[in-house]
Q: 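Here's a structure for you.
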2 protein chains.
Amino acid sequence: MKTPQRRVTLQDVANHAGVSRATASLIVRNSPKVAEKTREKVLKSMKELGYVYDRVAANLRSQSSTTIGTIITDVGNTFFAQFLLGVHQELEKYGYTVLLGTTFDSLQDQERLISTMLENRVGGILLCPVSSSSTETVERIKQLDIPIVLGIRELPDLACDYVGLDYQAGAYTAVKYLLEKKKHKRVAFIGGISDSSTWQERMSGYQRAHEEAGIPIDKSLIFDSEPTREGGLLAVEKIMKHPEPPTAIFCFSDLIAFGAIIGLRKMGYQPGEDIDIVGFDNIPEAEISYPPLTTISSFAQVTGTKAANLLHQRIREPVRERQRIIIEPQLIKRESS
Amino acid sequence: MKTPQRRVTLQDVANHAGVSRATASLIVRNSPKVAEKTREKVLKSMKELGYVYDRVAANLRSQSSTTIGTIITDVGNTFFAQFLLGVHQELEKYGYTVLLGTTFDSLQDQERLISTMLENRVGGILLCPVSSSSTETVERIKQLDIPIVLGIRELPDLACDYVGLDYQAGAYTAVKYLLEKKKHKRVAFIGGISDSSTWQERMSGYQRAHEEAGIPIDKSLIFDSEPTREGGLLAVEKIMKHPEPPTAIFCFSDLIAFGAIIGLRKMGYQPGEDIDIVGFDNIPEAEISYPPLTTISSFAQVTGTKAANLLHQRIREPVRERQRIIIEPQLIKRESS
DNA sequence: TTGAAAGCGGTACCAA
DNA sequence: TTGGTACCGCTTTCAA
């Protein structure tokens, strides 16, 4: 068998079957208004010629799109991998294909990726904005009438569909648990980028829990960092050098918590015994870490599913009320606290 | 400001700048053969009108493509997430965009995804084949002259670029370590799908290590399973009910090992003390699991990078010798053995 | 250096 | 139910 040089087109199929291109087009689109006999004939020709539908050409003509740009922070980060998993599975249900982008929390990369997505004529964008995003970033997309849904991090002053978590409630639950249930007096809060809204919301939960427990906040127990394991390690090393070190640590994320655990052990502490640790996210490895991590479950996969679903709805119905879906986090008690 | 109804086209830009569409086209493509003054004028018009390049239309006309279909097994599986990370980063360097597909090891999904990729006119495909793949699956792609690189799992009798690991060597190293260094006599091998080539290669490493150590293989110590944490849990429960249970377990993957650890603990064993465990992959959570997992590092991210690089080369130079890149795994000793 | 016209592979629209 | 033809937004080719 010889490899065909040129892509087999609808015209080729039409010629082969002795019909017009227009008719062949109706058939690839499963139109009911074509005679059964004609359909069979054309279908047979397609098979024989090895025809492959050109969705790109079709989308160009019909001004439609079956791809969705999905921009996340980092696929290597399990939280986002789980989120992406949810998004991807849900979008496939509706027949979309995912065009992937990762920003590594760089604004410049985000801008570039948004451009790429627009140039590729995506039918919608699912964006987890970088921490330094401004409203303009997203306005650009809205100007072009491309449906967009924000995930994980909300941008203030932007009327946009959003799916995220109640970080405040999550942090509140975690810190309240440490202060009240575990009777800690000095609870540190480490990790994460402090200008991000997700950090600030956690901070406000941290504060509320302290207020309710009647314990004043010691600002020197608060350290931000890069949102990575390394960031957590560095932060914990700093915080434990405090003249009056904390007895419990609330971490921005599980990733930070793992870094903290490694750091504590390096410094001779027993995490979960000497120092209580609580994470945030409940990524799968929280269950099998040493010690198993007490954490706030943020249901990453479900969040992704909902975000994708929302985008799908927005695409079908562009003028509809703005939606905000906030998922309530939940404390998962394990042995690190 | 008013939202434009219709996409701004090159024609609009050309009209605005008082040049022809062809000239404007040269400018978006950074052609040097256009007068500096004309360029500036057109660039200014683009900015004013908010022009967005339509890469899809351009690719259609020029019969080119800047997207790569990347088909993996599961983004939620950290090994593949790391692999994807490597692929994605490398492809971005060359200006490609990733169209993502996940098969969950279903042949039917794989077929569907390959079709989707072809319909979307991808410039190449990076496929991690499902365990039940046959040669025909991939022949389809080669017939169409679409560059393809296989990752992680090789298909026998298929002349195709490939990037993967020497699973045999990895398994051999792990089992040899258990038999010789740790003096075990009964080493089980659990998890993974036994018809897959990746399983069989590990099996042959397991055998070779036994032969060299002069220890006969007890086939009742070998159990396959779904390649998931749950699969590992089930397999370990079965294997420990053996009248003469193993004293060490070599697991198909880290995921399986984590399942095994949970299972062992459920049954009252102390993994790493009563039973030695070795995994395979060295996913990031292996470092922070309890106990930290001794494992074979398979350098998922690097593998992804190399695969992407190979595909890029194949696209640039379609007729060139077939390449096979095999990455040598490495034993990482931790506390689970 | 710039422009006119054809064409990439489909769909839309209307007439037969 | 089928066919003819314009056209989606860009690139290509060739002439000016």
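Proteins come first, then strands; the chains are lettered A, B, ... in the order of their sequence lines, and each starts at number 1.
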Q: Salt-bridged, B:K142 to B:E139, with N to O below 4.0 Å?
A: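 B:E139 and B:K142: not salt-bridged.
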Q: Calculate the interatomic distance between B:M46 atom CE and D:dC10 atom P; express it in whole Å.
A: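 Spelled out: CE on B:M46 to P on D:dC10 is 9 Å.
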Q: Please report, rounded to the nearest Å, how far the P atom of D:dC8 is from the CD atom of B:Q11.
A: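 Those two atoms, CD and P, are 10 Å apart.
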Q: Which heavy-atom pair separates B:I152 from B:T198 by the least distance, and what is that distance?
A: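 Taking B:I152 first and B:T198 second, the nearest heavy atoms are O-CG2, 3.8 Å.
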Q: Think B:S20 has a side-chain N or O under 4.0 angstrom from the OP1 or OP2 of C:dG3?
A: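 For B:S20, the contact criterion (side-chain N or O under 4.0 Å from OP1 or OP2 of C:dG3) is met.
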Q: Can you say whether the rings of B:F79 and B:F83 are parallel (under 30°), tilted (30 to 60°) or perpendicular (over 60°)?
A: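 Answer is parallel, since the angle falls under 30°.
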Q: Using side-chain hydrogen bond (donor to acceptor under 3.5 Å, both in side chains), reason through B:R140 and B:S115 one step at a time and then give a plain yes or no.
A: CA-CA 10 Å; B:R140 219 175 113 207; B:S115 295; 2.5 Å; yes
Q: From NZ of B:K33 over to P of D:dC14, roughly how many Å is that when rounded to an integer?
A: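 Nearest whole value for this atom pair: 12 Å.
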Q: Measure the distance from CG on A:L26 to P on D:dG4 and round it to the nearest whole Å.
A: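 Rounding to the nearest Å, CG of A:L26 and P of D:dG4 are 14 Å apart.
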Q: Taking CG from A:L49 and C1' from C:dG9, how many angstroms apart are they, rounded to a whole number?
A: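 For the pair A:L49 CG and C:dG9 C1', the rounded distance is 15 Å.
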Q: For C:dG10, does either OP1 or OP2 sit under 4.0 Å from a side-chain N or O belonging to A:S25?
A: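 The answer is no; no side-chain N or O of A:S25 sits under 4.0 Å from OP1 or OP2.
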Q: Does B:R29 have a side-chain nitrogen or oxygen under 4.0 Å from the phosphate oxygens OP1 or OP2 of D:dT11?
A: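 True: B:R29 side-chain N/O within range (under 4.0 Å) of D:dT11 OP1/OP2.
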Q: On a heavy-atom basis, which atom in A:E154 and which in A:Y162 lie closest, and how many Å separate them?
A: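 So the minimum-distance heavy-atom pair works out to N-CE1, 3.4 Å.
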Q: What is the distance, rounded to the nearest whole Å, between atom CZ of A:R121 and atom C1' of D:dC8?
A: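 Taking atom C1' of D:dC8 as the reference, CZ of A:R121 is at 7 Å.
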Q: Applying a 4.0 Å non-hydrogen cut-off, can you work out what B:A22 is touching in the nucleic acid: base, sugar-phosphate, or nothing?
A: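 If one applies the 4.0 Å heavy-atom cut-off, B:A22 turns out to touch a base.
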Q: Rounded to whole angstroms, how far apart are NZ on A:K37 and P on D:dT2?
A: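 Answer to the nearest Å: 11 Å.
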Q: Answer with yes or no whether B:R21 presents, from its side chain, a donor or acceptor under 3.5 Å of a partner atom in the base of D:dG9.
A: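 Such a pair does not exist between side chain and base.
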Q: In terms of ring plane angle, is the pair A:Y96 and A:H312 parallel, tilted or perpendicular, where the classes change at 30° and 60°?
A: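 A:Y96 and A:H312: perpendicular rings.
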Q: Could you check which residues of residues 53-64 of chain A get a heavy atom under 4.0 Å from DNA chain D? Sort them by number, please.
A: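 Nucleic-acid contacts, sorted: A:L60, A:R61, A:Q63.
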Q: Please determine if a side-chain N or O atom of B:T38 lies less than 4.0 Å away from the OP1 or OP2 oxygen of C:dT1.
A: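 No, because none of the side-chain N or O atoms of B:T38 sits under 4.0 Å from OP1 or OP2 of C:dT1.
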Q: Look at all strands and tell whether A:V52 reaches a base, only sugar-phosphate, or nothing, counting heavy atoms closer than 4.0 Å.
A: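 Since only primed, P, OP1 and OP2 atoms lie under 4.0 Å of A:V52, the category is sugar-phosphate.
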Q: Within this structure, what is the CG-to-P distance between A:N15 and C:dG10, rounded to whole angstrom?
A: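 That distance rounds to 13 Å.
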Q: Regarding B:T137 and B:E111, do their side chains bring together a donor and an acceptor under 3.5 Å, going by distance alone?
A: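 Per modelled atom types, B:T137 and B:E111 side chains form a pair under 3.5 Å.
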